[in-house]
Amino acid sequence: MNHADRLYLDHNASTPLTAAARRAMFEILAPGGNASSTHAEGRAMRKHVEAARAELAAHAGVAPKQVVFTSGATEAAALALSPVMRKASGELRCSRLFVSAMEHPCVLAGGRFAPEAVATIPVTPDGVVDLGALEDLLDAHDSEAGPALVAIMLANNETGVIQPVREASEIVRRHGALLMVDAVQGLGRLDIAPAELGADFVIVSAHKIGGPQGAGALVLGDAALAPVPMFRGGGQENFHRAGTENVAAIAGFGAAVAGLAQSGGRWDGISRIRDFIEAGIDTISRDTGMAAPVVFGSRVERLANTTCFAQPGILAETALISLDLAGIAVSSGSACSSGKVKASHVLEAMGVSQAIAGSALRISLGSDSTSENAGRFLTAWKDIVGRIARRVDAA
Ligand code: PLP
C-alpha cells in the first residue's frame with residue numbers, strides 16, 4: 001500500500017508537518033549562519049528565531065522574553081521541574097514535587113527532583129485529577145521547608161480528558177505553591193496562556209501542531225521567575241538554555257503556531273466525527289454479539305479529536321496490527337512509549353482493570369480528518385470485530 005492510501009489517525013502522537021512549516025525550515029537550512037553572530041548571516045538567523053518567539057509569545061499572551069525554546073516538551077519539562085528557581089529577589093527552593101498520576105512520562109519522571117521528593121496526585125475513574133487529594137497533599141506539605149511545585153497537564157494525551165487546571169491553580173495559590181502545566185495536547189485546541197491557566201510554567205511541543213519534531217518551549221508565566229538552567233554555557237535563550245539554537249526547527253515551530261489561527265476553526269466539526277466513530281463501534285459490537293466497548297473519559301470534557309476505547313475480547317496489539325494491515329494508523333496506550341505494548345499508566349491510574357486496559361486503543365483525529373476517514377475506519381473495524389466474533393463462536 002503506498003503512503004497516500006494510508007489513513008493516519010494518530011495525531012496525538014505526532015502530526016504531519018504543515019506546508020508552511022516545511023517552507024520555513026527549507027528557507028533556513030541552506031544559508032547557514034549562527035543566530036548569535038553579529039554579521040548579516042547571523043542577524044538573519046536571529047530574525048527567524050525572534051519571529052518564532054514573537055509568534056508563540058502572542059499565542060500564549062506573554063512577552064517574547066518569557067518564551068524559552070527547547071528541543072521539545074520533554075526537555076522543557078526537565079527544565080521546569082527544578083527544585084531551584086531563580087527569582088528577581090534571589091533563589092527559591094521547592095522542597096517537593098506533586099505530579100498527577102496520569103502525566104506524560106517526561107513529567108512523571110520528576111525532572112531534577114530527587115525521587116523521594118516526588119509524590120503523585122491520584123486521578124478519578126473518569127480520568128480527571130483529584131482536586132480533593134491535591135488539597136490534602138498541599139495541606140500536609142511542610143511549606144517551611146520550601147514551597148511545593150505541582151504539575152498537572154491541560155489535556156491527557158491518551159484519553160483526551162481536559163483537566164480542571166484553573167481550579168487546581170486556585171488550590172496551588174492558596175498554599176503558596178507553584179504550578180507547571182503540560183499544555184502539549186492543548187496547544188491549538190485550548191487556551192494555553194499562563195495567565196488564563198494560573199500557571200507559573202507552561203510547556204509545549206511543535207510536532208503536535210504540524211511543526212517539526214525536536215522543537216518545543218517552556219513558557220514562563222512571569223519573566224522574573226524561572227528554573228535554574230540545565231545547560232550552561234552561552235547566553236542563548238536569555239540565559240535560560242545555553243547552546244546554539246536549532247533555527248530551522250524553531251522557525252518551523254513558529255510557522256505552525258502562525259497556522260493555528262486557520263486550523264482552529266476546523267476543530268468545531270471534529271467532535272462530530274469522533275462521536276460518529278464512538279456510535280459506530282458500539283453498533284458493531286452489538287451487531288456481532290460482542291460486549292459493548294468501554295469509552296474512557298466519555299462522561300467528562302474531552303479534546304474533540306480524541307477517543308480512547310477498549311473492545312473487551314480483542315487485544316489492543318491484535319487490533320493495532322490488523323488496522324495497520326488495513327492501512328490505518330492508530331495507537332494503543334501512550335504512543336511515546338509505543339512499540340512495546342504494556343498497560344497504560346493513565347488507565348491504571350483511573351482504576352481500569354488490566355484486562356480492559358490491554359484492549360485499549362486510541363484514535364486521535366487531525367484538524368483535516370473527515371467523516372469519510374471515520375467511515376473507512378469503521379469498515380475496517382467491523383471486519384476485525386466480525387472475524388474475532390466468528391472465531392469465538394466457532395470455539
Ligand atoms: N507531554 C505530552 C502530553 C505529550 O503527549 C508528549 C508527547 O507525546 C510530550 C509531553 C513530550 O513531547 P516531546 O515529544 O516534544 O518531547
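Worth saying up front: this structure is predicted, and the values here are computed from it rather than measured. As a basis for the values below, the full set of heavy atoms in this structure was taken, side chains included, without hydrogen atoms, waters or symmetry mates. We count residues from 1, following the sequence as given. Both ligands and their constituent atoms are indexed starting at 1 by order of listing.
- For the pair Leu149/Met85, a side-chain contact is recorded, criterion being any heavy-atom separation below 4.5 Å from C-beta on.
- Salt-bridge formation is not detected for the pair Arg43/Glu50: no Lys NZ or Arg NE/NH1/NH2 atom is positioned less than 4.0 Å from an Asp or Glu carboxylate oxygen.
- Under the 30°/60° scheme for interplanar angles, the aromatic rings of Trp381 and Phe377 are found to lie parallel.
- Between Thr74 and ligand 1, at least one N/O pair is under 3.5 Å apart.
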Ser298 and Glu278: CA distance, side-chain angles, deciding distance, side-chain hydrogen bond (donor to acceptor under 3.5 Å, both in side chains) verdict: CA-CA 10 Å; Ser298 62; Glu278 291 181 352; over 6 Å; no
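- Compare His207, His104, Lys208 by their heavy atoms: the one nearest to atom 9 (C) of ligand 1 is in His104.
- Close contacts between ligand 1 and Met153 involve ligand atoms 3 (C) [criterion: under 4.0 Å to a heavy atom].
- Residue Ala13 does not touch ligand 1, judged by heavy-atom distances below 4.0 Å.
- Near Cys106, meaning under 4.0 Å from any of its heavy atoms, are these atoms of ligand 1: 10 (C).
- Atom numbering of ligand 1 starts at 1 in the shown order; those under 4.0 Å from a heavy atom of Gly72 are 15 (O).
- Every heavy atom of Gly216 sits 4.0 Å or more from the atoms of ligand 1.
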Salt bridge (charged side-chain N to carboxylate O under 4.0 Å, His left out) evaluation trace for Asp126 with Arg302: CA-CA 10 Å; Asp126 285 320; Arg302 285 179 294 163; over 6 Å; no
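- The existence of a salt bridge linking Asp139 and Arg174 is excluded, since no basic side-chain nitrogen approaches an acidic carboxylate oxygen closer than 4.0 Å.
- Note that the CD1 atom of Ile270 and the CG atom of Asp368 stand 7.5 Å from one another [nearest 0.5 Å].
- Counting heavy atoms closer than 4.0 Å to ligand 1, residue Glu75 contributes nothing at all.
- Interface atoms of ligand 1 facing Asp182, defined by a heavy-atom separation under 4.0 Å, are 1 (N), 2 (C), 3 (C), 10 (C).
- Polar contact check, Ala73 against ligand 1: a nitrogen or oxygen pair lies under 3.5 Å apart.
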